Amino acid sequence: MNMIDSYTDEIKGKITGLGANLVGVADTEPLRQLEMHPSNLLAPFRRAISIGVALPRVVFDQIQNRPTPTYCSVYRTANRFLDQIALRTANVLEKDGFNSLPIPASQTVDFKNLCAAISHKAVGRMAGLGWQGKSLLLVNPEYGPRIRLVTVLTDAPLAADVPIENRCGDCMSCVDACPAGAIRGAGTEDHYNSREEAVDLQRCLAQLEEFMRLPGITDTVCGLCIRACPYGR
Ligand code: B12
């Protein structure tokens, strides 16, 4: 095994040791076309580590036609847990001599266009963690879309993983399950050119805001497209 592969294995092992269920490495070169904040975010970084934490299946079994307070709480805990794993990962890499930047799990920075510093789904897809489903969510073969993601940008010499094939096929489960009728049902071999191609975001957002009127729902959560996915059930 060469030094790059053994260092990559060592870092991935440390990240799973921190409690991550999934970890992969993306080459940042193809990701440079993404909308980012700031636009030169990737300039110093040749690799992006994608980290996934699974949410328990039963949390979604309990969701009938609306999000539950339990899902809302698990969502928050997963975000905090991911942020901690990302911070610790960045500090491990920095100690080894490599500049690294943890990107928050759930932080919108452009409120007009609903965009974060960088899309965790795009990074996750390029790191081989899953494909972009019709719901626009990243679908992992083992956990389905029941994963939350975080990204660590780094200049460490890590071996890059490759994307996996889309396995949605003709399935329309998430399309049928969306209470807002926001998922259009379009398929993609790699990724959608725009989010609107896959999802009517205004409808999705309006539904999330309506759910926030329910007791115990303090965040923009829904979970119905996640629950409906046959992967990870
Ligand atoms: C803003 C935001 C929202 C907004 C807008 C949604 C959206 N799709 O952007 C609202 C409030 C509506 C929302 C809703 C939800 N969200 Co949200 N949200 C975000 C946030 C903070 C930023 C998203 C962003 O910047 N998008 C920018 C666009 C450009 O990127 P994109 O959506 O990924 O889509 C493009 C790219 O992925 C691109 N692409 C894919 N692969 C590649 C490869 C290359 C090389 C290139 C160039 C492009 C590319 O193709 C897409 C079309 O252009 C992220 C966290 C983050 N930093 O990513 C969470 C995030 C996307 N949300 C998440 C979730 C789970 C949800 C909800 C299910 C709510 C819930 N918790 O119940 C719904 C589902 C909505 C849906 N079906 O998409 C998860 C998704 C996890 C997963 N398994 O995929 C994320 C990643 C949070 C996390 N830390 O895990 N969300």
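We count ligands from 1, going down the list as the structure has it; atoms in each ligand are counted the same way. Fair warning: this is a prediction, and the values are worked out from it, not measured in the lab.
Note that CD1 of Ile49 and CD1 of Ile103 are 12.0 Å apart. Values are rounded to the nearest 0.5 Å. Between the CD1 atom of Ile226 and the SG atom of Cys174 there is a distance of 11.0 Å, given to the nearest 0.5 Å. Remark: Lys134 NZ to Cys225 SG distance equals 13.5 Å, nearest 0.5 Å.
Among all protein heavy atoms, the one lying closest to atom 67 (C) of ligand 1 is Leu137 CD2, 4.7 Å.
Looking at His191 and Glu189, their side chains never bring a donor and an acceptor atom within 3.5 Å of each other.
Between Ser194 and Glu197, the closest side-chain pair of non-hydrogen atoms falls below 4.5 Å. Put simply, the side chain of Thr154 does not reach to within 4.5 Å of the side chain of Glu94, judged on heavy atoms.
Residue Leu136 approaches ligand 1 through these ligand atoms, each under 4.0 Å from one of its heavy atoms: 8 (N), 78 (O). Distances below 4.0 Å separate heavy atoms of Thr108 from the following atoms of ligand 1: 1 (C), 21 (C).
Proximity of Arg125 to ligand 1, defined as any heavy-atom pair under 4.0 Å, is confined to the side chain (atoms from C-beta onward). The residue Ala198 has no part lying near ligand 1, judged by heavy-atom distances below 4.0 Å. Counting heavy atoms closer than 4.0 Å to ligand 1, residue Ile118 contributes backbone atoms (N, CA, C, O) but none from C-beta onward. With a 4.0 Å heavy-atom cut-off, ligand 1 is reached by the side chain of Gln132 but not by its N, CA, C or O. With a heavy-atom cut-off of 4.0 Å, Arg195 touches ligand 1 through backbone and side chain alike. Neither the backbone nor the side chain of Ile103 comes within 4.0 Å of ligand 1, counting heavy atoms alone. Here Met126 has side-chain heavy atoms under 4.0 Å from ligand 1, and that is the only part of it that gets that close.
Nearest heavy atom pair, residue Pro141 against residue Leu129, reads CD-O, 4.0 Å. For the pair Val152 and Ser100, the tightest heavy-atom approach, listed with the atom from each and the gap, is CG1-CB, 4.2 Å.
Taking only non-hydrogen atoms, the option from Cys222, Ala182, Cys204, Ala105 nearest to atom 73 (C) of ligand 1 is Cys204. Evaluated by nearest non-hydrogen atom to atom 12 (C) of ligand 1, the leading choice among Thr28, Leu208, Asn79 is Leu208. Relative to atom 31 (P) of ligand 1, the option among Gly52, Ser119, Cys178, Ala26 with the closest non-hydrogen atom is Ser119. Of the listed options His191, Gln207, Gln202, His191 places a heavy atom closest to atom 42 (C) of ligand 1. The residue from Pro30, Ala122, Cys174 that puts a heavy atom closest to atom 47 (C) of ligand 1 is Pro30.
Within the structure, ligand 1 lacks Glu35 among the residues with a heavy atom less than 4.0 angstrom away. The closest approach between any non-hydrogen atom of Leu114 and ligand 1 is below 4.0 Å.
The presence of a protein heavy atom under 4.0 Å from atom 91 (N) of ligand 1 is ruled out. Contact annotation for atom 19 (C) of ligand 1: protein absent (non-hydrogen atoms, distance under 4.0 Å). There is a protein heavy atom closer than 4.0 angstrom to atom 55 (C) of ligand 1. For atom 85 (C) of ligand 1, no protein non-hydrogen atom is found at a distance below 4.0 Å. Counting protein heavy atoms under 4.0 angstrom from atom 60 (C) of ligand 1 gives zero. In this structure, atom 16 (N) of ligand 1 is not in close contact with the protein, since no protein heavy atom lies within 4.0 Å of it. Inside a 4.0 Å radius of atom 78 (O) of ligand 1 there is at least one protein heavy atom. Proximity of atom 49 (C) of ligand 1 to the protein is indicated by at least one non-hydrogen atom lying closer than 4.0 angstrom.
Between Tyr231 and Trp131, the ring planes are perpendicular. Angles over 60° get that label, and only those under 30° would be called parallel.
In summary, Arg184 and Glu196 engage in a salt bridge, as defined by a charged side-chain N under 4.0 Å from a carboxylate O. Salt bridge Asp155/Arg47: absent, no basic N to carboxylate O contact under 4.0 Å.
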Requested in this report: Given salt bridge (charged side-chain N to carboxylate O under 4.0 Å, His left out), test Asp161 with Lys12 step by step and report yes or no.
Outcome: CA-CA 12 Å; Asp161 293 296; Lys12 284 182 171 176; 2.9 Å; yes

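For Tyr7 and Phe98, the distance between ring centers is under 6.0 angstrom.
Judged by distance alone, with hydrogens and angles left aside, the side-chain atoms of Ser73 form no donor-acceptor pair with the main-chain N or O of Pro69 at under 3.5 Å.
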